[in-house]
Q: 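Would you mind keeping the following structure in view while I ask a few things?
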2 protein chains.
Amino acid sequence: MDSLTALQKFRQYFERYVPLTDEEWLALSQYLTVDALKKKRFYVEAGKVCDHIGLVVKGSVRYYHVKDGEEITGYFSFEDEMLSSYKSFLTRTPAANYIQALEDSVIVNLSHKNLQQACMNELLGFKMERFGRLTAEHYLICYEERITSFITQSPEERYADLLQTGGEALYRIPQHYIANYLGITPVSLSRIRRRIMKISA
Amino acid sequence: MDSLTALQKFRQYFERYVPLTDEEWLALSQYLTVDALKKKRFYVEAGKVCDHIGLVVKGSVRYYHVKDGEEITGYFSFEDEMLSSYKSFLTRTPAANYIQALEDSVIVNLSHKNLQQACMNELLGFKMERFGRLTAEHYLICYEERITSFITQSPEERYADLLQTGGEALYRIPQHYIANYLGITPVSLSRIRRRIMKISA
DNA sequence: TCAAAACGTTAACAAAAGATAAGGAATTTC
DNA sequence: GAAATTCCTTATCTTTTGTTAACGTTTTGA
């Protein structure tokens, strides 16, 4: 994917929240970079400050923590989703997790410094602020729903929901990552899958 | 607590994120109301649109869902914390949960209509937008940490953390609400408590 | 292309959690 | 102030989940 297409995708995403004039977009695009992220490479590493926020325009990434030497997958981002270790990015503290490309990906990046400059830009400031608010609100709602699912649903119900809402991208993800995401072990997920197979068979 | 003190508390909270001139505060305060919420009364009810966002200036509330006729507690808000059913408030859709006062409380409220007007107010607009972004980001971080705890920690570890971070307010909350909050049954929490007692004894 | 590593499933056993019920203490309600 | 309700703990039994290991398949990387 070439840089121009990638940037166009970013503009489309941005304008879902805040419309831009061509002039504003021209200004905003100066602050963006388009980066390739090869499979298995890291977008963020635990212990380092996450210095950018990005939009996945191609490919996918997974978020994971390391605990007792084990990798625990917490989340995924696919095409047309933002990615960042938000706490680290927002508070300028070392990240607790890794973000790694699941496949060869392309990310449109906005560095912390550039974001600050864009916010101080007379032409863009207000719209950046608004985009920031709406993005944070969007993910706030996503997280609220995820927490609700942990409290009110069984792992089996969560998996059934995931199968419905998650698109074809789900089939590209190893089961044990999904098991982590659901908060269970791979063995448990395998049992759930067998139960579902039996019912639908 | 009188209205003036309550409003002062709101100003203090707001200014932790965005400083205000006296003039701006005067304008902002016109949009606020101070409401008493008696114990057991509802701030939000499932099925109804949550039309306001508030700051708890006295007392506490709990958030809960009803599933299969059972109440499942998902969260609490104490003094100096915002409260709202964010998804409902932000998307103008019916809330999925209840928010109920745990004790006689006082809430400083900002209705959806007033928030919109405040955002369009020439003097306040930019600062409201910024406050909105920073508040959303703050809760985004809280939720991110909560999700991480569900994935990487055992219920026992989550409870230990809760004991450390949660203040004396914890001792005012019934155990079975806390059990829900941790994603386990009251019986399980009781067993965990016994194990901890034995170790520390 | 071939050896090594990673994956998903299954089995057997151990550990933990859920369900239910009972009992006593604390709190609420009239 | 007394009756009723709520609350926490404990015990017992059942179900679910975790752990470990094995096996065949697929994917990866040199």
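Excluded from the calculations below are hydrogen atoms, water molecules and symmetry mates; all remaining heavy atoms, backbone and side chain alike, are included. Remember, it's a predicted structure, so these values are computed and weren't measured experimentally. To find a chain, count down the sequence lines: A is the first, B the second, and so on, and within it residues start at 1.
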Q: Which residues satisfy the salt bridge (charged side-chain N to carboxylate O under 4.0 Å, His left out) test with B:Asp35, sequence neighbours excluded?
A: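 With neighbours one apart ignored, the set is empty.
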Q: At a heavy-atom distance below 4.0 Å, what parts of residues 185-192 of chain B sit against DNA chain C?
A: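 Correct list: B:Thr185, B:Val187, B:Ser188, B:Arg191.
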Q: Who are the side chain to side chain contact (heavy atoms under 4.5 Å, CB included) partners of B:Arg158, not counting sequence neighbours?
A: B:Ser149, B:Phe150, B:Gln153, B:Pro155, B:Leu182
Q: Extract, from 5' to 3' on DNA chain D, the first and final nucleotides lying under 4.0 angstrom from some heavy atom of chain B.
A: D:dC7 to D:dT12
Q: Check side chain to side chain donor-acceptor pair (under 3.5 Å) between A:Glu79 and all other residues, then give those that pass, not counting sequence neighbours.
A: none
Q: Tell me, please, which residues at least two apart from B:Lys58 pass side chain to side chain donor-acceptor pair (under 3.5 Å).
A: none
Q: If we check ring-ring contact (aromatic ring centres under 6.0 Å, His included) with A:Phe14, which of these qualifies: A:Trp25, A:Tyr31, A:Phe131?
A: A:Phe131
Q: So B:Tyr159 and B:Arg193, side-chain contact (heavy atoms from CB on, under 4.5 Å) or not? Walk me through it.
A: CA-CA 9 Å; B:Tyr159 183 61; B:Arg193 284 160 61 81; 2.8 Å; yes
Q: With sequence neighbours excluded, tell me which residues meet side chain to side chain donor-acceptor pair (under 3.5 Å) with B:Thr185.
A: none
Q: Taking side chain to side chain contact (heavy atoms under 4.5 Å, CB included) as the test, write out the residues that go with B:Lys127, two or more places apart.
A: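 In terms of side chain to side chain contact (heavy atoms under 4.5 Å, CB included), with neighbours along the sequence ignored, B:Lys127 is linked to B:Val18, B:Leu20, B:Glu24.
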Q: To the nearest 10 degrees, how far apart in direction are the end axes of the helix from C:dT1-D:dA30 to C:dC30-D:dG1, each fit to five base pairs?
A: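 The value is 70°.
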Q: Assess the side chains of A:Tyr75 and A:Asn97: does a donor N or O sit below 3.5 Å from an acceptor N or O?
A: no
Q: Does anyone know the first and last nucleotide of DNA chain C in reach of chain B, 5' to 3', at under 4.0 angstrom to a heavy atom?
A: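 Under 4.0 Å from chain B, the extent on DNA chain C is C:dA17 to C:dT28.
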Q: So A:Phe89 and A:His112, would you call those rings parallel, tilted or perpendicular, with 30° and 60° as cut-offs?
A: perpendicular
Q: If we count only N and O atoms by modelled type, under 3.5 Å, do the side chains of B:Tyr63 and B:Ser77 hold a donor and an acceptor together?
A: yes
Q: Going by the rule ring-ring contact (aromatic ring centres under 6.0 Å, His included), which residues pair with A:Tyr86 if we only count those two or more places apart in sequence or in a different chain?
A: A:Tyr139
Q: Of B:Lys40 and B:Ile184, whose nearest nucleotide on DNA chain C comes first from the 5' end?
A: B:Ile184
Q: Between B:Lys39 and B:Ser154, which is nearer to the 5' end of DNA chain C once each is assigned its nearest nucleotide?
A: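 Result: B:Ser154.
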Q: How would you list, by chain and number, every residue that makes a side chain to side chain donor-acceptor pair (under 3.5 Å) with B:Arg133, sequence neighbours excluded?
A: A:Glu129, B:Glu137
